[in-house]
Amino acid sequence: MQVDVRLVLSGDRAVRGVAPRRPLVAYIGHDDLARVVDEYRLQIQPDHLLPDVVLWEVEDLSAIPRNPADPHCAAALVAALDLAGSDADDAIAASERILAAAIDASATLDRPKASGPRSTYADRRPRVVVNDLATLRGASTGIVELPVRLDWCHRGT
């Protein structure tokens, strides 16, 4: 398929460093679907055959986030989600990298700003401290396994 403004490419066609494979994945507006299928003579494939093109029909094509450098391609995050179901190692790895970067960027936006000249995560981490140890409840004998997510250690006495 040539560049067609009615399509927004996604998956391996929109992520650099991933070898293009079949099928071509693209988003298409609801109003253009029948016309594009007819013009390109596309046919529905039986379940046992791999299609050459997968068109994701959307109500409004302008709602698909685009790559600023190439408006014909979906944004990296959209393409990464489409790659996530791939069976190719490089596609899966690219998807994981993009999604991890997006999660890290999102977490950065939610982090409180460091106060003072230098602040560590331990300085900003919320803590719960009881006023009276008698208010604590739980096991008094045996082994207690703390979850890994808790920030605990044997430092201090």
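Both backbone and side-chain heavy atoms feed into the values below; hydrogens, waters and symmetry mates do not.
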| query | What closest approach, in Å, do Arg13 and Pro20 show between heavy atoms, and which atom pair accounts for it? | reply | NE-CB, 3.8 Å
| message | Hydrophobic clusters here meaning ILVMFWY residues chained together by side-chain heavy-atom distances under 4.5 Å, can you tell me if Tyr40 and Val37 are in one? | response | yes
| message | Testing the 3.5 Å rule here: is there a donor-acceptor pair between the side chains of Glu59 and His30? | response | no
| query | Are Arg35 and Asp32 close enough, and set up right, to give a salt bridge (Lys or Arg N to Asp or Glu O under 4.0 Å), and what steps lead you there? | reply | CA-CA 5 Å; Arg35 198 168 37 249; Asp32 292 320; 2.4 Å; yes
| query | Looking only at heavy atoms, what is the nearest atom pair of Ser86 and Ile92, with distance? | reply | O-CD1, 3.2 Å
| Hydrophobic cluster mates of Val25, side-chain heavy atoms under 4.5 angstrom, ILVMFWY only, any path? | Val8, Tyr27, Val54, Trp56, Val58, Leu61, Ile64, Val78
| field | Within-4.5 Å side-chain heavy-atom neighbours: Leu24 and Asp52 | value | no
| Residues, nucleotides or ligands: over 12 heavy atoms within 6.0 Å of Leu49 CG | yes
| message | Once rounded to the nearest 0.5 Å, what's the spacing between atom CG of Asp90 and atom OG of Ser95? | response | 11.5 Å
| said: Restricting to non-hydrogen atoms, name the atom on Leu83 and the atom on Gly11 that form the minimum distance, rounded to 0.1 Å. | reply: CD2-C, 3.6 Å
| request: Could you tell me whether a side-chain N or O of Asp60 sits under 3.5 Å from a main-chain N or O of Gly29, the two making a donor and an acceptor? | output: no
| query | Taking the side chain as C-beta and beyond, is there a heavy-atom pair between Ile98 and Leu81 under 4.5 Å? | reply | no
| task | Please report the closest heavy-atom contact between Ser10 and Ala79, naming both atoms and the distance. | result | OG-CA, 3.4 Å
| field | Closest non-hydrogen atom pair between Pro23 and Val53, with its separation | value | CB-N, 3.9 Å
| field | Contact summary for Ala14 and Cys73, nearest pair of heavy atoms | value | CB-CB, 3.9 Å
| message | Does atom CG (Asp89) have a neighbourhood of more than 12 heavy atoms from anything else shown, all under 6.0 Å? | response | no
| said: Set out, in order, the CA-CA distance, both residues' side-chain angles and the distance that settles side chain to side chain contact (heavy atoms under 4.5 Å, CB included) for Leu55 and Leu33, then state yes or no. | reply: CA-CA 8 Å; Leu55 296 178; Leu33 180 62; 3.9 Å; yes
| Any side-chain heavy-atom pair of Leu9 and His72 under 4.5 Å | yes
